[in-house]
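Worksheet: the structure to be examined is printed underneath.
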Amino acid sequence: MRQFTDWQITTLLLDAAVWTVVLSLIAFVGGALLGLVVTVMRVSGKKPLERLSAGFIAAVQSIPLLMLIFLCFFGPAVVGVEISPWVAAATALILFAAAFLAEIWRSSIQAVPRGQWEAGKALGLRFLQVFRDIVAPQALRLAVPPTVGFSVQVVKGTALTSIIGFVELTKAGTMLNNVTFRPFFVFAVVALVYFALCYPLSYASRLLERRLASR
Amino acid sequence: MPHVPGTQETAVKLVGVNKWYGKFQVLRNLNLSVARGERIVVCGPSGSGKSTMIRCINGLEEHQEGRILVDGTELTDDGKIGDAIRREVGMVFQHFNLFPHLTILENCTLAPMKVRGLSKAEAEEVAMHYLTRVRIPDQAGKYPGALSGGQQQRVAIARALCMKPKIMLFDEPTSALDPEMVKEVLDTMVGLAGDGMTMLCVTHEMGFARQVADRVIFMDKGEIVEEAPPAEFFDNPKNERSRQFLAQILH
């Protein structure tokens, strides 16, 4: 057993937290891009596309994130492809974020009253003009708070990737506990770092909600 | 005869129009011809199909059988034709449907800029002209949420007029208003009628019908039951269902 000072433990955890942030960003940005495609399919009015996107959303939402991570990690091995924990973790989190964001955005678009579509159409605007100039700006206003709020779920979701061996904040905490035998201190610091990452996001979400609602 | 826009004597023509929601028939064999400059009031009990009829005229809803011609152009399920017709047909809704994220002025300039290709300055000039006409020019910088219902509906009328439509459709424009705001909206519509605009108006405002309508159309159960000049319709309705309806709304 090696001796670590409190400060050394904290800096090691902060180093690992960088990977939590990087993985969160990749998951969120990748999930947003894929989620946008799924959203457009979902509201396209074309039955096959709607079914496909609805099926994707239902499947991902009904599987625990941990299983999704296992499937992404062990699935490729079945067909003989080695995949790093890093790629598996990113893939699983992107799928996870895409499904939930698509559902948030679909509901935001559908929450814009039908009369808005009709008023735009009645003025002679084309479908895409109505969407871009009338519906999307209003949907965006509705979507921002829950989207920012959901980013908290992504950050916390990255903790599960520690199980397939990806070294981020939680995995580093487990490893440090194994060498220091100071579980309470180590995991208290881990929890504090998560809190420092997530609380500003929750706070921003609430702030945005109030600000956007007041207009 | 080749079709030249704006020269047709008949502004709107419905020939044998039928429409169903699933198995339920909402419009039954409608035949109607509206002359240029004519002012029509459509009334009838709720669920009689009157709103559905005028929503079919600008293609917000589809009809399944029959023909609808607007300014000589037949409305088909071709989206381009629908868009072209809607450019020339203004509509005012029961619930105003102003765009809440845009100012009053932006509500009025959006379509003229995007659809007619006007510059911002041109569109704003047109918008201010019509906002002045509906007596709201001083509210141009506000958002719709800051206006009363009556003001919002007058803005909605101005917004439609900014497209310089040939025909105006009104779908129960005063039904969602507080009583004290009904008059300001009706006054605006009376002014519009005085300018010779072709108007089809679904309303229960019988005073308005008497004052401006050339013809009153009474609908029930998806059919046009009676059509007559207002004096004749109100004082001497021929159909039993018209009589019952008038007895109920005129107390």
Side-chain angles (χ1 to χ4, degrees), chain A residues 36 39-50 104-148 204-215, chain B residues 51 54-55 57-61 79-103 106-117 123 142-146 152-153 155-156 158-171 176:
Chain A
L36 196 62
T39 307
V40 172
M41 286 167 65
R42 193 77 180 80
V43 298
S44 65
K46 302 210 161 53
K47 276 277 171 285
L49 293 179
E50 285 187 5
I104 289 172
W105 296 341
R106 176 200 60 76
S107 66
S108 303
I109 289 169
Q110 288 179 349
V112 175
R114 212 169 57 128
Q116 294 289 309
W117 286 97
E118 289 180 351
K121 194 175 173 186
L123 284 165
L125 294 162
R126 283 178 282 116
F127 177 84
L128 278 176
Q129 289 176 320
V130 177
F131 183 74
R132 190 190 57 206
D133 294 314
I134 296 166
V135 176
Q138 295 181 59
L140 199 67
R141 189 174 292 180
L142 297 170
V144 166
T147 300
V148 175
S205 170
R206 251 176 299 148
L207 202 70
L208 286 165
E209 192 173 340
R210 239 175 302 153
R211 186 168 299 172
L212 294 174
S214 69
R215 253 190 64 182
Chain B
S51 286
I54 70 162
R55 289 163 59 86
I57 291 171
N58 70 346
L60 283 188
E61 300 210 22
K80 284 206 177 70
I81 290 177
D83 287 340
I85 285 175
R86 281 184 285 275
R87 259 174 249 148
E88 312 303 330
V89 180
M91 187 165 203
V92 175
F93 298 87
Q94 183 176 359
H95 296 287
F96 331 138
N97 297 356
L98 294 181
F99 308 132
H101 62 300
L102 300 177
T103 63
E106 289 165 344
N107 263 275
C108 294
T109 57
L110 179 70
M113 286 164 66
K114 301 278 176 188
V115 179
R116 295 262 190 247
K142 290 189 184 164
Y143 285 90
Q152 290 194 42
Q153 193 61 300
V155 171
R159 178 177 70 178
L161 292 177
C162 284
M163 286 294 287
K164 308 234 166 104
K166 299 194 177 85
I167 299 158
M168 283 286 284
L169 306 174
F170 293 85
D171 186 5

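In what follows, chains carry the letters A, B, and so on, assigned in the order in which the sequence lines appear, proteins first and then strands, with residues in each chain numbered from 1.
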Roughly how far, to the nearest 0.5 Å, is [atom2] of [Y] from [atom1] of [X]?
X: B/Leu102; Y: A/Gln138; atom1: CG; atom2: CD; value: 8.0 Å
X: B/Arg116; Y: A/Leu123; atom1: CZ; atom2: CG; value: 10.5 Å
X: B/Met163; Y: A/Leu125; atom1: CE; atom2: CG; value: 7.0 Å
X: B/Glu61; Y: A/Glu118; atom1: CD; atom2: CD; value: 7.5 Å

Return the option, out of [options], with the maximum number of heavy-atom pairs under 4.5 Å with chain A.
options: B/Val89, B/Ile85, B/Leu98; answer: B/Leu98
options: B/Met91, B/Glu88, B/Arg55, B/Lys80; answer: B/Arg55
options: B/Ala156, B/Ala111, B/Gly90; answer: B/Ala111

Can you see which heavy atom on B/Arg86 is nearest to which on A/Lys121, and at what distance? CD-O, 3.1 Å
Check whether any side-chain N or O of B/Asn58 sits under 3.5 Å from a backbone N or O of A/Ala122 as a donor-acceptor pair, and report yes or no. no
CZ of A/Arg126: more than 12 outside heavy atoms within 6.0 angstrom? no
So which part of B/Phe93 gets closer than 4.5 Å to some heavy atom of chain A, the side chain, the backbone, both or neither? side chain
